[in-house]
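Reviewing the structure listed below.
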Amino acid sequence: MAKDRVLSGMRPTGKLHFGHYKGVLTNWLKLQQEYDCYFFVADWHALTTDYADPSGVKENVKEMVLDWLSVGIDPAKSDIFLQSSVPEHAELMVLLSMITPVPWLERNPTYKEQQEELKDKDIHTHGFLGYPVLQTADIIIYKANKVPVGIDQAPHVELSREITRRFNNFYGKVFPEPQTLLAPTSKVLGTDGRKMSKSYNNSVYLTDPPATVEKKLKTMVTDTARQRKTDPGNPDICPFFETFHTLYASEAERAEIREGCTTAAFGCIDCKMRVIPKVLEELEPIQKKRAELEATPGIVESVLKDGTDRARAVAQTTMEEVRRAMGLNFF
Ligand code: TRP
């Protein structure tokens, strides 16, 4: 039996942080052992917000792919490619645009949320409204069955299913309906206690030197009501506990930490030092791999070129089928 096909993409935002690593990449690493995986750089999607100044996109693509490879996304197992090098995505997007009702796009929760959040950018554009249509093309052009995403992207995959169903109704069953694979990991919090995000300036990056990682973690917000070391703390409202102790401490260690915190037996720094060495230990081979990759000229380009060639062959086959289904095969 053929393996199910998994596809996911990330917008190139530059160097990746722990949120990307624990929230997304560890899941990809597992999936690449089991499925036929396609992981791609969504550089066109980056333009929905960065169209006025795309000068940083190329560098961001490079940094992101270096991080993917450093953590172990393996081009021998997974197809790693660049969206803009497979123009068939755009052709399919045009065709899907014809059948996608505008109200479906206006109802998309991220459409309104992002307008609110990115006040400094004008995203009242056709491209931004059509973001989920492009995303649908990205997915179904490979006939992917499973799409691993975070909860914030779930409405987009749901829209993809609806658009796919509509296409199949009009032109015959060309595409499987993609399923969401919700990533199992919980939200990773940043040093200020909010969700870890580049734009909040609260991130711990995979490329941060060990001393920086240690410093960021030592100064990360804890239970803010715990003013003095002698005050008892509450791990249930401690962002460090919620993220780093949950990710790096065993059940037994967490019970011990809970005891020590609630009885003020130890302070926050002592408490954090129980897992900081484990974080650093995990980062070490990742950073070593990155140094090797950085010393290999053209590595990102060659990985992307290879993956893109293979992906493009699949996308071209699908488009022939699409054109036939829609009666667009004139020649
Ligand atoms: N929208 C996704 C994000 O911002 C990126 C993305 C683009 C994607 N196309 C996709 C994810 C297709 C999964 C499948 O994270």
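Atoms within each ligand, like the ligands themselves, are counted from 1 in listed order. Just so you know, residue 1 is the first one in the sequence shown, and it goes up from there.
Contact check on R254 versus E259 returns no salt bridge, with no Lys/Arg side-chain nitrogen under 4.0 Å from an Asp/Glu carboxylate oxygen. Here R165 pairs with E177 in a salt bridge; the nearest charged N to carboxylate O distance falls below 4.0 Å. Contact check on K3 versus E34 returns no salt bridge, with no Lys/Arg side-chain nitrogen under 4.0 Å from an Asp/Glu carboxylate oxygen. A salt bridge links E294 and R290; the closest N-O separation between the charged side-chain nitrogens and carboxylate oxygens is under 4.0 Å. Salt bridge absent: E106 and K112 never bring a charged side-chain N and a carboxylate O closer than 4.0 Å.
At the top of the distance list for atom 5 (C) of ligand 1, counting protein heavy atoms only, stands G9 O, 3.5 Å. With hydrogens left out, the protein atom closest to atom 2 (C) of ligand 1 is Q153 OE1, 3.3 Å, a heavy atom. In terms of protein heavy-atom proximity, atom 1 (N) of ligand 1 is closest to Y131 OH, 2.7 Å. Atom 9 (N) of ligand 1 has D138 OD2, 2.7 Å as its closest protein atom, hydrogens excluded (heavy atom only).
At a heavy-atom cutoff of 4.0 Å, ligand 1 is contacted by no atom of L134, backbone or side chain. At a heavy-atom cutoff of 4.0 Å, ligand 1 is contacted by the side chain of I139 but not by its backbone.
Ligand-side atoms of ligand 1 in range of S8: 13 (C), range being under 4.0 angstrom from any heavy atom. Heavy-atom contacts of L7 reach the following atoms of ligand 1: 12 (C), 14 (C) (cutoff under 4.0 Å). The distance from ligand 1 to the heavy atoms of V147 drops below 4.0 Å at these ligand atoms: 13 (C), 14 (C).
Shortest non-hydrogen contact noted between V174 and A325 is CG2-CB, 3.7 Å.
Taking the six-membered ring wherever Trp is involved, the centroid distance between the rings of H124 and Y111 does not fall below 6.0 Å.
By the 3.5 Å distance cut-off applied to N or O atoms, R11 is counted among the residues near ligand 1. Annotation: Q135 places an N or O atom under 3.5 Å from an N or O atom of ligand 1; distance criterion only.
The salt bridge (charged side-chain N to carboxylate O under 4.0 Å, His left out) test applied to D50 returns K121, not counting sequence neighbours.
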